[in-house]
K.L.:
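Have a look at this one.
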2 protein chains.
Amino acid sequence: MKKIDILKKLRSSGLRPTKQRVEIAKFLFERDKTFHFTVESLNKLLMRKLSSKISLATIYNTVHSFKAAGHLSEVEVRGNKTYFDTNVLNHHHFYDSETSELIDIDAKDVVIQKIPKAPNGKKIKNVEVFINLKN
Amino acid sequence: MKKIDILKKLRSSGLRPTKQRVEIAKFLFERDKTFHFTVESLNKLLMRKLSSKISLATIYNTVHSFKAAGHLSEVEVRGNKTYFDTNVLNHHHFYDSETSELIDIDAKDVVIQKIPKAPNGKKIKNVEVFINLKN
DNA sequence: TTTCACTTTAGAACAATTATAAACTATAAG
DNA sequence: CTTATAGTTTATAATTGTTCTAAAGTGAAA
């Protein structure tokens, strides 16, 4: 993803392309594969990569803004940390608790044959399949 | 579940049936339907119900002991709080984000036709299906 | 009974996240 | 260009959920 596209992506979702947002967006979206992270891990990676420091509060703000704009999704993982995913398409996950690593599963690789109907007055928003791994 | 069964349940899993553990176990397991809770919610409910106060640290200790003994399971819910479930059989969940409420889905009510195989050297421990609800 | 490992407890410590309020900046209007 | 201003960043405080600590208490075996 080129810089011009990063700027477009930000502007089209009502986010001013500030220096910090552009740097974070470049880091997150200029990739071939999807990227899973926590704010803590992202912070460490950015500190290593960038010369100028971005405040932790800004990383929180930015990640939340990107999520609100639909550029990031939040992953269902039990535990105290919040995981984010640059893959915003409907998909599923393997979770390796040994390494705390998430692996994407393409939506087409999971086929569900039977599912209960939603309780009274509610609708199904989405279905997430979570496959826990062991060695 | 009778008091004698509570005592048996605790003793058989190597947990001394202390006053606090018996009270918490009675509160959790003397029910017809499964019960979902966070430590915070359990604490509030116990404060309301019991005359003698149980320390928050003890509630954490006890819930973790019960989980280790297989009397409680931890539910996959994104967010900062940890949810527990008195249903320890393999099953799935609806999650209503409006009310933060979990609803059990019987394992037999979800049939998965196709699933990817585990990555190199790993095995599948279990599969959790999580159905997010909306209004 | 006595003993002792296990348990409870209050409070401190910790980790992740959110709130605050002052300084800064992108950009629209003049 | 300037300027004005609403949006943004920042350091730090505050909050929340959870775990740790160490002292006091207690179940149960001998």
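Residue numbers start from 1 in every chain, and the chains themselves are labelled A, B, ... in the order their sequence lines are given, proteins ahead of strands.
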K.L.:
Does B/Q20 have a side-chain nitrogen or oxygen under 4.0 Å from the phosphate oxygens OP1 or OP2 of D/dT26?
P.N.:
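Negative; the distance criterion is not met.
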
K.L.:
Between atom CG in B/L50 and atom C1' in C/dT8, what is the gap in whole Å?
P.N.:
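In whole Å, C/dT8 C1' and B/L50 CG are 15 Å from each other.
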
K.L.:
Rounded off to whole Å, could you give me the CG-to-C1' distance for the B/L10 and D/dT26 pair?
P.N.:
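In whole Å, D/dT26 C1' and B/L10 CG are 16 Å from each other.
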
K.L.:
Name the nucleic acid region contacted by A/T82, choosing base, sugar-phosphate or nothing; use a 4.0 angstrom heavy-atom cut-off, strictly under.
P.N.:
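If one applies the 4.0 Å heavy-atom cut-off, A/T82 turns out to touch the sugar-phosphate alone, with no base involved.
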
K.L.:
Check the phosphate of C/dT18 against A/H64, side-chain N and O only, distance under 4.0 Å to OP1 or OP2. Yes or no?
P.N.:
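It does, given that an N or O in the side chain of A/H64 lies less than 4.0 Å from OP1 or OP2 of C/dT18.
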
K.L.:
How long is the line joining CG of B/N61 and P of D/dT21, in whole Å?
P.N.:
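Distance, rounded to whole Å: 13 Å.
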
K.L.:
Give me the atom names and distance for the closest heavy-atom approach of B/L15 to B/S65.
P.N.:
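Nearest heavy atoms, B/L15 then B/S65: CD2-CB, 3.8 Å.
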
K.L.:
Please tell me which of A/P17 and A/V39 maps to the more 5' nucleotide of DNA chain C, matching each residue to the nucleotide holding its nearest heavy atom.
P.N.:
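Residue closer to the 5' terminus by nearest nucleotide: A/V39.
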
K.L.:
Of B/K33, B/H93, B/H92, which is the lone residue that meets side-chain hydrogen bond (donor to acceptor under 3.5 Å, both in side chains) with B/D104?
P.N.:
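The option that passes is B/H93.
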
K.L.:
If I take atom NZ in residue A/K53 and atom C1' in nucleotide D/dT9, what distance separates them, rounded to the nearest angstrom?
P.N.:
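Taking atom C1' of D/dT9 as the reference, NZ of A/K53 is at 11 Å.
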
K.L.:
Does the side chain of B/Y60 get closer than 4.0 angstrom to OP1 or OP2 of D/dT18 through an N or O atom?
P.N.:
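So the side-chain polar atoms of B/Y60 do come within 4.0 Å of the phosphate oxygens OP1 or OP2 of D/dT18, strictly under.
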
K.L.:
From the options D/dT10, C/dT27, C/dT7, select the nucleotide whose nearest atom is closest to the side chain of B/R16.
P.N.:
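Given the options D/dT10, C/dT27, C/dT7, the side chain of B/R16 is closest to C/dT7.
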
K.L.:
May I have the distance from A/I24 (atom CD1) to D/dT9 (atom C1'), rounded to whole angstrom?
P.N.:
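To the nearest whole Å, that distance equals 10 Å.
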
K.L.:
Let me know the distance between CD1 of B/I54 and P of C/dT9, rounded to the nearest Å.
P.N.:
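In whole Å, C/dT9 P and B/I54 CD1 are 7 Å from each other.
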
K.L.:
Between A/R21 and D/dT8, is there a contact of a side-chain N or O with OP1 or OP2 at under 4.0 Å?
P.N.:
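The answer is yes; a side-chain N or O of A/R21 sits under 4.0 Å from OP1 or OP2.
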
K.L.:
Mind checking B/T58 for me? I need base, sugar-phosphate or nothing, with any heavy atom below 4.0 Å counting as a touch.
P.N.:
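Result for B/T58 = base.
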
K.L.:
Roughly, in whole Å, what's the span from CG in B/N43 to C1' in D/dT16?
P.N.:
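After rounding, the reported distance stands at 14 Å.
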
K.L.:
If you take the centroid of each ring, where Trp contributes its six-membered ring, are B/F27 and B/F37 closer together than 6.0 Å?
P.N.:
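No, the ring of B/F37 stays outside the 6.0 Å limit from the ring of B/F27, centre to centre.
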
K.L.:
Could you tell me if the side chain of A/K114 sits less than 4.5 Å from the side chain of B/D109, heavy atoms only?
P.N.:
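They are in contact (side-chain heavy atoms under 4.5 Å apart), so the answer is yes.
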
K.L.:
Of the options B/L50, B/N43, B/L45, which is the one that meets B/M47 in a side-chain contact (heavy atoms from CB on, under 4.5 Å)?
P.N.:
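That would be B/N43.
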
K.L.:
Just compare C/dT7, C/dT8, D/dC20 and give me whichever is closest to any side-chain atom of B/A57.
P.N.:
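My answer, after comparing the listed nucleotides, is D/dC20.
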
K.L.:
With respect to the side chain of B/T18, which nucleotide from D/dT10, C/dT9, D/dG27 is positioned closest?
P.N.:
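Of the candidates, D/dG27 comes closest.
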
K.L.:
OP1 or OP2 of D/dA28 less than 4.0 angstrom from a side-chain nitrogen or oxygen of B/R11, does that happen here?
P.N.:
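Looking at the OP1 and OP2 atoms of D/dA28, one of them is under 4.0 Å from a side-chain N or O of B/R11.
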
K.L.:
Over 60° means perpendicular and under 30° means parallel, so classify the ring planes of B/Y60 and B/H64, tilted if in between.
P.N.:
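Tilted, since the angle between the ring planes falls between 30° and 60°.
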
K.L.:
Let me know, please, whether B/E40 or A/T62 comes out on the 5' side of the other along DNA chain D by nearest nucleotide.
P.N.:
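The residue closer to the strand's 5' end, by nearest nucleotide, is A/T62.
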
K.L.:
Looking only at side-chain N and O atoms, does B/K19 come under 4.0 Å of OP1 or OP2 in C/dT7?
P.N.:
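For C/dT7, neither OP1 nor OP2 has a side-chain N or O of B/K19 closer than 4.0 Å.
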
K.L.:
Rounded to the Å, how far apart are A/L56 CG and D/dA11 C1'?
P.N.:
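Roughly 11 Å, once rounded to whole Å.
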
